[in-house]
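The sequence lines fix the lettering, A, B, ..., with proteins before strands; numbering per chain opens at 1. Computed from heavy atoms alone, side chains included, the values below leave out hydrogens, waters and symmetry copies.
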Protein chains: 2
Amino acid sequence: MNIGEAARASGVSAKMIRHYESIGLVPPAGRRDSGYRDYGAADLHRLGFIRHARDLGFSLERIKVLLGLWVDPGRSNADVKAIAEAHLRELEERARQLNEMADALRSLADACDGDGRPDCPIIASLVTGADAPACHPNPAPATPEPPAPRGKARTKR
Amino acid sequence: MNIGEAARASGVSAKMIRHYESIGLVPPAGRRDSGYRDYGAADLHRLGFIRHARDLGFSLERIKVLLGLWVDPGRSNADVKAIAEAHLRELEERARQLNEMADALRSLADACDGDGRPDCPIIASLVTGADAPACHPNPAPATPEPPAPRGKARTKR
DNA sequence: TGTGAACGTTCCCATCATGGCAAGGTCAAC
DNA sequence: GTTGACCTTGCCATGATGGGAACGTTCACA
């Protein structure tokens with residue numbers, strides 16, 4: 001089985017299969033006389049395993065460990081679970097950070113009329129680092145202006 | 001003001017300040033006779049703007065646009081809002097994906113006893129690509145074994 | 001038997017934002 | 001004058017993936 005067929009069958013691109021081989025995530029594929037890599041069912045299984053782990057966001061480094069546990073008949077599911085939970089905590093932490101950003105940005109965007117005037121709480125917040133105003137406490141809090149150009153030499157930029 | 005002081009004052013590392021200069025996100029800093037970069041209040045403002053935008057997860061590319069709008073007295077807050085909302089949608093999408101992964105991984109981890117035996121629904125799911133079993137439908141669905149080693153030529157690896 | 005398309009190979013480069021390191025120049029305090 | 005903290009430029013690395021060049025192989029079809 002060519003690398004292209006293996007790619008289609010496993011859902012891992014040929015490019016990535018070669019990469020995984022180069023970093024030792026999959027063993028070096030057998031070669032035909034032509035130099036073409038040759039894949040069998042066992043290879044497809046391994047590639048499928050990797051793809052499913054990638055779908056769950058596991059890093060290649062952790063997948064390497066999971067593959068080691070997979071092929072270890074004496075593995076402990078506690079080891080597997082520990083890796084999964086470590087990854088889960090990282091996923092949750094990253095999601096938390098994204099949600100924090102999204103929440104902050106959402107209130108800024110909500111506070112912006114988007115009516116075509118220059119006044120903009122989003123810009124204002126980026127300038128001052130402050131959060132979005134509660135609602136519209138003051139009617140027209142002029143958007144802070146950019147700092148004056150350097151010295152007198154405007155053309156210097 | 002040295003780059004180090006500017007870094008401390010703005011919360012942007014010296015390394016990044018140089019980088020931002022190299023990609024045109026900040027104008028080339030003034031230089032002293034020694035060749036040292038020299039920063040003033042306007043530069044700190046700009047760096048602070050960038051840092052706050054980075055804190056909200058904006059890409060440097062988008063920050064470049066936001067900076068352009070900031071310094072444009074004729075800007076429309078609709079333009080700013082459009083960029084913010086585009087970014088917001090991306091944040092939400094990324095968070096959604098992470099949560100999807102986390103949910104899937106959580107049910108797998110919950111389904112794993114972690115009692116030290118080799119049986120492991122996490123490994124099983126990575127092998128088959130199937131979701132976590134509903135709860136524990138069958139008492140001991142033996143974890144799928146790794147594929148047999150390649151043919152008879154184990155040394156071929 | 002030739003030929004062309006589709007595939008394979010290796011190697012290098014790019015992404016994105018950031019950090020690290022090395023070799024060398026500058027500054028300020030003692 | 002020495003020392004330590006700082007600055008300069010330049011290159012390399014990250015992690016996972018894609019793109020492309022230059023060149024070899026396979027296979028079907030005329």
Could you give the side-chain donor-acceptor pairs of residues 7-16 of chain B under 3.5 Å, partners two or more places apart or in another chain?
residue, atom, partner, partner atom, Å
Ser10(B), OG, Ala6(B), O, 2.8
Ser10(B), OG, Val12(B), N, 3.2
Ser13(B), OG, Met16(B), N, 3.1

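Separating the CZ atom of Arg8(B) from the C1' atom of dC7(D) is a distance of 12 Å, rounded to the nearest angstrom. As a whole-Å value, the separation of Ile3(B) CD1 from dG19(C) C1' is 14 Å. Taking atom CD1 on Ile63(B) and atom C1' on dA17(C), their separation rounds to 10 Å, with Å as the unit. As a whole-Å value, the separation of His19(B) NE2 from dG20(C) P is 15 Å. Going from atom CZ of Arg31(A) over to atom P of dT26(D) covers 13 Å, rounded to whole Å. We find that CG of Asp38(B) is positioned 14 Å from C1' of dC6(D), with the value rounded to whole Å. Look at CE on Met16(A): it is 11 Å from P on dG19(D), rounded to the nearest Å. The interatomic distance linking Ile17(B) (CD1) with dA17(C) (P) rounds to 17 Å, in whole Å.
For residues 84-121 of chain B, the ring pair (Phe, Tyr, Trp, His ring centres under 6.0 Å) pairs, not counting sequence neighbours, are Phe58(B)-His87(B). The stretch residues 93-105 of chain A participates, sequence neighbours left out, in these side-chain hydrogen bond (donor to acceptor under 3.5 Å, both in side chains) pairs: Glu93(A)-Arg96(A), Glu93(A)-Gln97(A), Arg96(A)-Glu100(A), Asp103(A)-Arg106(A).
Going from atom CG of Leu105(B) over to atom CG of Leu98(B) covers 12.0 Å, rounded to the nearest 0.5 Å. Rounded to the nearest 0.5 angstrom, Leu67(B) CG and Arg46(B) CZ are separated by 4.5 Å. The distance from the SG atom of Cys120(B) to the CG atom of Asp113(B) is 9.5 Å, given to the nearest 0.5 Å. Going from atom CD of Glu85(B) over to atom CG of Leu108(A) covers 11.5 Å, rounded to the nearest 0.5 Å. Here the CG atom belonging to Asn77(A) is positioned 9.5 Å from the CD1 atom belonging to Ile123(B), to the nearest 0.5 angstrom.
Comparing Asn2(B) and Glu61(A) against DNA chain D, the residue whose closest nucleotide sits nearer the 5' end is Asn2(B).
Listed candidates were dA17(C), dG8(C), dT9(D). Nearest to the side chain of Arg18(B) is dT9(D).
Near DNA chain D, meaning a heavy atom under 4.0 Å from it, residues 47-59 of chain A has Arg54(A), Ser59(A) in order of number.
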- Give the B/S/- string for nucleotides 21-30 of chain C, one per nucleotide from 5' to 3', where a protein heavy atom under 4.0 Å of the base yields B, of only the sugar-phosphate yields S, and otherwise -. B---BBS---

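At dT17(D), one or more side-chain N or O atoms of Tyr20(A) fall inside 4.0 Å of OP1 or OP2 (strictly under the cut-off). Distances shown here put a side-chain N or O of Arg37(B) below 4.0 Å from the OP1 or OP2 atom of dT8(D). For Ser13(B), a side-chain nitrogen or oxygen approaches OP1 or OP2 of dG19(C) to under 4.0 Å.
Listed by chain and residue number, nothing satisfies the ring pair (Phe, Tyr, Trp, His ring centres under 6.0 Å) test with His52(A) (two or more places apart in sequence, or in another chain).
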